[in-house]
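If you read the sequence from its start, that first residue is 1, and numbering goes on from there. Treat the numbers as computed from the prediction; the structure is a model and nothing was measured. Order of listing sets the numbers, starting from 1, for every ligand and every atom in it.
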Amino acid sequence: MTVGNSDNLGTWTDHLGNIYCSSDEPERIVSWHSHPSKPKFTPPSGAVDAHCHVFGPQAQFPFSPKAKYLPEDAGPDKLFALRDHLGFSRNVIVQASCHGTDNSATLDAIAKSGGMARGVAVVDPAISEAELEALHEGGIRGVRFNFLKRLVDNAPKDKFLEIAGRLPEGWHVVIYFEADILQEMKEFLEKIPVPIVIDHMGRPDVSQGADGPDMMAFRELLDSRDDIWTKVTCPDRLDAAGPPFTNFVAAVRPLVEDYPDRVLWGTDWPHPNMQAILPDDGQLVDVIPQIAVTKQLQRQLLVENPMALYWAMD
Ligand SMILES: O=C(O)/C=C(\CC(=O)C(=O)O)C(=O)O
């Protein structure tokens, strides 16, 4: 649709004089596979999908006016059905940017999980102590700071540091950034007074290999503090060659072996913004035994590490 003049009443007029109304809202996207395959790999008992999201349902939990993408509903019923299909037991639900700082959809999904989900919130810098405590009661165990310009309008480091200094006991921060800003993030990361979890290893170029500049810079960061954890996630985002994700496996397996007590794994379902690819979650699970090649590494990655971060205070 060619949008010409718009007004404040939710109508638009194009160059031909056609009038459109707000019911012509942008198309809602589907970014997940409708029939993911059954993985060949059987996760250990009690396995945790430690990075996933819920979208809506919009009628109950509207998306943020600042959302950079508008997805179809992907609520707790679908998430828990996928969990069971893949052979997992628990979820860590990370507030997605399309819900802004209103964590209601994430809290609703946690409440419906019967204790089998925890969450990571995105909060307004002005959040009160009482609101943080309410999030804790609702199963939240961390806050996420998102530095991806395509997802958020701003990422105020000073305000993030202020919040990081007054989180409830046992919480951590989850940070999402891309490899090109790793160096400039270092000073900020050093000042964070709680454990840090880095999403998708800070998005390295895995085609450079395990000894390439991105992975080496990331290792240097992990070596700078022993309480930086990372999610060895998203071959679908990081390995442009696609399945079987050989570049991802080659770059990430040594990391899992060298930092076995600081790695987490997750599906990333419903794969925000991945509508051009629609990752098959069964195939993603089958990457696990290639990056964590022993039963012990698999137990640490999928059970012990996420349980220590998200269920230790029970
Ligand atoms: O699921 C992810 O980690 C990645 C996202 C979406 C996201 O983080 C968000 O919407 O908050 C992405 O790269 O588009």
- Near Y69 (heavy-atom distance under 4.0 Å), the atoms of ligand 1 are 9 (C), 10 (O)

- Consider ligand 1: state whether an atom of it lies below 4.0 angstrom from any non-hydrogen atom of R144. yes

- Distance to 0.1 Å, residue and atom name: give those for the protein heavy atom nearest to atom 3 (O) of ligand 1. H200 NE2, 2.7 Å

- Should we say atom CD of E129 is surrounded by more than 12 heavy atoms from elsewhere, each under 6.0 Å from it? yes

- Message: Under 4.0 Å from a heavy atom of H51: which atoms of ligand 1 are those, numbered in the order shown and with their elements?
- Response: 1 (O), 2 (C), 3 (O)

- Item | Whether H51 and H53 hold their rings parallel, tilted or perpendicular, with breakpoints at 30° and 60° | perpendicular

- Message: I need the nearest protein heavy-atom contact for atom 2 (C) of ligand 1: residue, atom name and distance, please.
- Response: D268 OD1, 3.3 Å

- Message: Is it the case that the ring center of F61 lies less than 6.0 angstrom away from the ring center of H99?
- Response: no

- Within 6.0 angstrom of R253 CZ, more than 12 heavy atoms from elsewhere: no

- Item | Nearest neighbour of atom 11 (O) of ligand 1 from the list P272, C98, S97, on a heavy-atom basis | S97

- Message: Can you report which non-hydrogen protein atom sits closest to atom 5 (C) of ligand 1, along with the distance?
- Response: R237 NH2, 3.7 Å

- Query: Which atoms from ligand 1 have a heavy atom of N273 less than 4.0 Å away?
  - Reply: 14 (O)

- Query: Should H271 be listed as contacting ligand 1, given a heavy-atom distance under 4.0 Å as the test?
  - Reply: no

- Message: Within the structure, is a non-hydrogen atom of E178 found at a distance of less than 4.0 Å from ligand 1?
- Response: no

- Message: With nothing but distance in play, are any N or O atoms of D199 less than 3.5 Å from an N or O of ligand 1?
- Response: no

- Are there more than 12 heavy atoms of other residues, nucleotides or ligands under 6.0 Å from atom NZ of K38? yes

- Are F177 and F188 an aromatic pair by the rule of ring centers under 6.0 Å? no

- V94 and ligand 1 - part of the residue with a heavy-atom distance under 4.0 Å: neither

- Looking at N146, which atoms of ligand 1 are within less than 4.0 Å of one of its heavy atoms? 11 (O)

- Note: D214-R203 ion pair, threshold 4.0 Å (strictly below): no

- Query: Side chains of D49 and T267: do they bring a donor and an acceptor to under 3.5 Å?
  - Reply: yes

- Please determine, by modelled atom types, if D223 and Y259 share a side-chain donor-acceptor pair under 3.5 angstrom. yes

- Message: Suppose I only count heavy atoms of R203 and a 4.0 Å limit; which atoms of ligand 1 are within that range?
- Response: 13 (O)

